[in-house]
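As structure tokens, the structure follows; a few thoughts come after it.
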Amino acid sequence: NGVMSGLMQMLLLKVSAHITEQLGMAPGGEFREAFKEASKVPFCKFHLGDRPIPVTFKRAIAALSFWQKVKLAWGLCFLSDPISKDDVEKCKQKDLLEQMMAEMIGEFPDLHRTIVSERDVYLTYMLKQAAKQIELPRASETEPRQYIPSVVVGVVGMGHVPGIEKNWNSDLNIQEIMSVPPPSASSKIFRFVVKATVFGLMGYGCYRIGRRTVRLILSMPAAQSYLQKLTELRAQ
């Protein structure tokens with residue numbers, strides 16, 4: 001999915017590992033439990049309703065400036081704040097959760113928009129699609145259409161609940177938030193400079209190693225003897 005997207009995924013995996021180590025349990029347990037329970041219900045359809053991760057990452061990366069990317073990566077690399085189970089219980093309170101989100105908005109507003117707000121819209125849209133009435137099969141074309149309500153259980157992260165409630169009665173269009181914006185000119189230049197630097201260093205390293213290897217081989221007695229015989233043959 002691209003170098004920057006891959007690096008972002010690695011950093012977020014590091015964050016997930018940090019949380020797992022601190023709490024003794026992996027994040028996302030509610031979703032795994034929901035899948036187990038849904039598989040027990042006859043004729044239940046299980047649907048992954050979140051936006052694809054590559055789209056979210058690429059849009060998030062495109063929304064950040066170069067220095068914001070560096071700052072975010074630095075913060076994720078050196079994440080070491082302790083997390084207790086009491087902290088997790090406090091996060092279940094809506095006011096505290098909104099306070100934490102507000103702090104995040106102040107530091108990375110564009111990141112919050114792509115990772116939280118846009119996914120609120122996407123999750124709301126998918127839930128509304130799942131909640132549409134089900135049309136019953138008809139014996140003939142003349143028979144009137146009959147519908148029954150859908151029964152939907154949506155399992156979402158608590159941070160998305162306020163956004164889903166806010167967007168529920170709105171006309172939603174997910175086409176815009178599913179597109180990946182093209183890289184900017186500065187991003188293209190930066191990528192070119194990075195690639196040129198990496199390949200240049202690799203080429204210089206190969207040159208230095210090759211030069212040392214040739215000198216080492218030529219300094220060996222067997223090689224010197226062979227070169228001396230070759231010089232004598234050329235002289236004859």
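These numbers come from a predicted model, not from an experiment.
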Does [X] belong to the same Ile/Leu/Val/Met/Phe/Trp/Tyr cluster as [Y], with side-chain heavy atoms less than 4.5 Å apart forming each link?
X      : Y      : value
Ile53  : Met126 : no
Leu172 : Met178 : yes
Tyr207 : Ile209 : no
Leu123 : Val161 : yes

Rounded to the nearest 0.5 Å, what's the gap from [atom1] on [X] to [atom2] on [Y]? Could you check?
X      : Y      : atom1 : atom2 : answer
Ser179 : Ile174 : OG    : CD1   : 11.0 Å
Ile164 : Tyr125 : CD1   : OH    : 15.5 Å
Glu141 : Glu143 : CD    : CD    : 10.0 Å
Arg211 : Thr213 : CZ    : OG1   : 12.0 Å

Side-chain contact test, heavy atoms from C-beta onward, threshold under 4.5 Å: evaluate it for [X] versus [Y] and give yes or no.
X      : Y      : value
Tyr147 : Lys132 : no
Tyr122 : Ser117 : no
Pro144 : Arg138 : no

Test side-chain contact (heavy atoms from CB on, under 4.5 Å) applied to Trp168 and Leu127, step by step: CA-CA 9 Å; Trp168 187 260; Leu127 280 169; 3.8 Å; yes

Arg208, CZ: over 12 other non-hydrogen atoms inside 6.0 angstrom: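 No, the 6.0 Å shell around CZ holds no more than 12 heavy atoms from other groups.
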
Residues, nucleotides or ligands: over 12 heavy atoms within 6.0 Å of Glu135 CD: yes

Compare every heavy atom of [Y] with every heavy atom of [X], then report the nearest pair and how far apart it is.
X      : Y      : answer
Ala34  : Val155 : CB-CG2, 3.7 Å
Gln133 : Pro149 : CG-CA, 4.4 Å
Ala60  : Ile115 : CB-CG1, 4.2 Å
Ser170 : Lys128 : O-NZ, 3.2 Å
Ala38  : Cys44  : O-CB, 3.6 Å
Ser150 : Ile134 : OG-CG1, 3.4 Å

Phe46: ring-ring contact (aromatic ring centres under 6.0 Å, His included) partners, not counting sequence neighbours: Phe35

Salt-bridge contact Arg119-Asp50 (side-chain N to carboxylate O under 4.0 Å): yes

Trace of the side-chain contact (heavy atoms from CB on, under 4.5 Å) decision for Ile177 with Arg51: CA-CA 9 Å; Ile177 62 174; Arg51 186 171 63 177; 3.7 Å; yes

Any residue meeting side chain to side chain donor-acceptor pair (under 3.5 Å) with Ser140, in chain and number order, not counting sequence neighbours: Thr142

Residues Thr114, Asp110; criterion side-chain contact (heavy atoms from CB on, under 4.5 Å); working and verdict: CA-CA 6 Å; Thr114 53; Asp110 294 325; 5.9 Å; no

Short side-chain to backbone donor-acceptor contact, Arg59 and Val180, under 3.5 Å: no

With sequence neighbours excluded, residues passing side chain to side chain contact (heavy atoms under 4.5 Å, CB included) with Glu33: Lys36, Glu37

